[in-house]
Amino acid sequence: MNKPALLLINLGTPDSPSYLDVFKYLRQFLMDGRVIDIPYIFRFFLVTLIICPIRSFSSGKIYKKLWDLSGGVSPLLKNTEQLTKKLNQKQVKYNVFYAMRYQKPSIQQALSEIKKTNPSELIILPLFPHYASATSGSVFEDVSKILSRDWVIPSFKFISQYYDHPSFIDAWVDAAKDFNLSDYDKVIFSYHGLPNSQVNKVYFDNQCDGKNCEHEINNDNYYCYKATVYETSKLIAEKLSLPRDQYEVTFQSRLTNNWLEPFSDVVLENLPAEGIKKVLVFSPAFTSDCLETVIEIGDEYEELFIKAGGQTLDYVPSLNFSDAWVQAIIDITNSK
């Protein structure tokens, strides 16, 4: 029997830091109705005529800095390529491919390559551990549209989240092995933020408040991004023997103040006044280092923290293509 195919899907990256390439990336990303969930006509004018023309200049400079720090390439693309290569080397059960939700290599390109292998089964693994409509939901929608146009559709499995899988947690514990936690006054688990309105849509009553998301996973909040990131933080902290008062969960990369709180930058700016001078930051929503980890946390947040009176801000690198992450993907795929 032909092998199953495993398709890893990451968010995406501009082809280069140039204005045009950044514009193309931002436009494709922000025109996704699951990312900016407003009617198409308003989204078109907002994204095409306002956001992209303005942000492509500033974002291009930031991407240029990221490229320079990463040897002239996108770290997200490089890490995803290496992860796929190692998975194909380490196991023989699946033929492993990768794609980006936005830009290249596209999901369409990857599925065309997979089709040539005539797989017995297709497994889709978004490299987003926590379900959100703007990430995993968008991947599912795009994959489904493309597959629906084919005459032959193989058996299909979509892994929507794995935030609490023991091997995923172990991979983050392994990533922290180069850091002595006793050297730090506080550990921050910083996750990419989401609009409160999108988090509320997970619930039948359109309301996240009151679901005890900071403390437990229950029948109501199983797919709530807020609940799952708190659970991931708790599980990693327990493995690291980190007391609850020694860590905090925060949210970064907000576009407005109507996003999940507390905001990472605000928390970090206030910590030195509380006597917290040395901080270690994890960002478990990102399995590959990217602009949000290398630049936002490792550069911008560090500068903000030091300027506010802090002494040290270190961040734990993402899982990238570590052996522990490779094994975790194998375990996750085999167990779902």
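- Here the closest non-hydrogen pair linking Y191 and P284 is OH-CG, 3.5 Å.
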Evaluate salt bridge (charged side-chain N to carboxylate O under 4.0 Å, His left out) for D265 paired with R254, printing each intermediate quantity in order.
CA-CA 10 Å; D265 55 347; R254 75 184 185 278; 2.8 Å; yes

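- The aromatic rings of F251 and Y225 sit tilted, their planes meeting at an angle between 30° and 60°.
- Ion pairing between K177 and D174 holds under the 4.0 Å rule for side-chain N and carboxylate O.
- Between the side chains of E296 and S253, at least one donor N or O lies within less than 3.5 Å of an accepting N or O.
- One side chain, D32 or Y102, offers a donor N or O that lies under 3.5 Å from an acceptor on the other.
- Residues Y131, Y163, V202, Y203, Y222, Y223 make up the rest of the hydrophobic cluster containing I217, defined by ILVMFWY side-chain heavy atoms closer than 4.5 Å, directly or through other members.
- Between the side chains of N95 and T117, no donor N or O sits under 3.5 Å from an acceptor N or O.
- For the 3.5 Å distance criterion, the side chains of D331 and Q327 qualify, holding a donor opposite an acceptor.
- Summarising the geometry of V47 relative to R27, their closest heavy-atom pair is CG1-CA, 4.1 Å, with the distance given to 0.1 Å.
- Within 6.0 Å of CD in E238 there are more than 12 heavy atoms belonging to other residues, nucleotides or ligands.
- Between D142 and R34 there is no salt bridge, since none of the side-chain N atoms of the basic residue sits less than 4.0 Å from a carboxylate O of the acidic one.
- Linking Ile, Leu, Val, Met, Phe, Trp and Tyr whenever their side-chain heavy atoms come within less than 4.5 Å puts M100 and I123 in one cluster.
- With a 6.0 Å radius and a threshold of 12 heavy atoms from other residues, nucleotides or ligands, K85 has its NZ atom at or below the threshold.
- There is a side-chain donor-acceptor pair under 3.5 Å between N218 and E216.
- A cation-pi geometry, defined here as NZ or CZ lying under 6.0 Å from the six-membered ring centre and within 45° of its normal, does not hold between R55 and F57.
- Applying the 4.5 Å side-chain rule to ILVMFWY residues, one finds that L20 remains a lone member of its cluster.
- Between K278 and D314 there is no salt bridge, since no side-chain nitrogen of the basic residue lies less than 4.0 Å from a carboxylate oxygen of the acidic one.
- How far NZ of K93 is from CG of N334: 4.0 Å, rounded to the nearest 0.5 Å.
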Starting from the C-alpha separation in whole Å, work towards a yes-or-no answer on salt bridge (charged side-chain N to carboxylate O under 4.0 Å, His left out) for E81 and K78.
CA-CA 5 Å; E81 287 175 342; K78 178 181 69 175; over 6 Å; no

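- A salt bridge links K104 and D15; the closest N-O separation between the charged side-chain nitrogens and carboxylate oxygens is under 4.0 Å.
- Under the 3.5 Å distance criterion, with hydrogens and angles disregarded, no donor-acceptor pair is assigned to the side chains of Y162 and S167.
- Between the side chains of N180 and S182, at least one donor-acceptor pair of N or O atoms lies under 3.5 Å.
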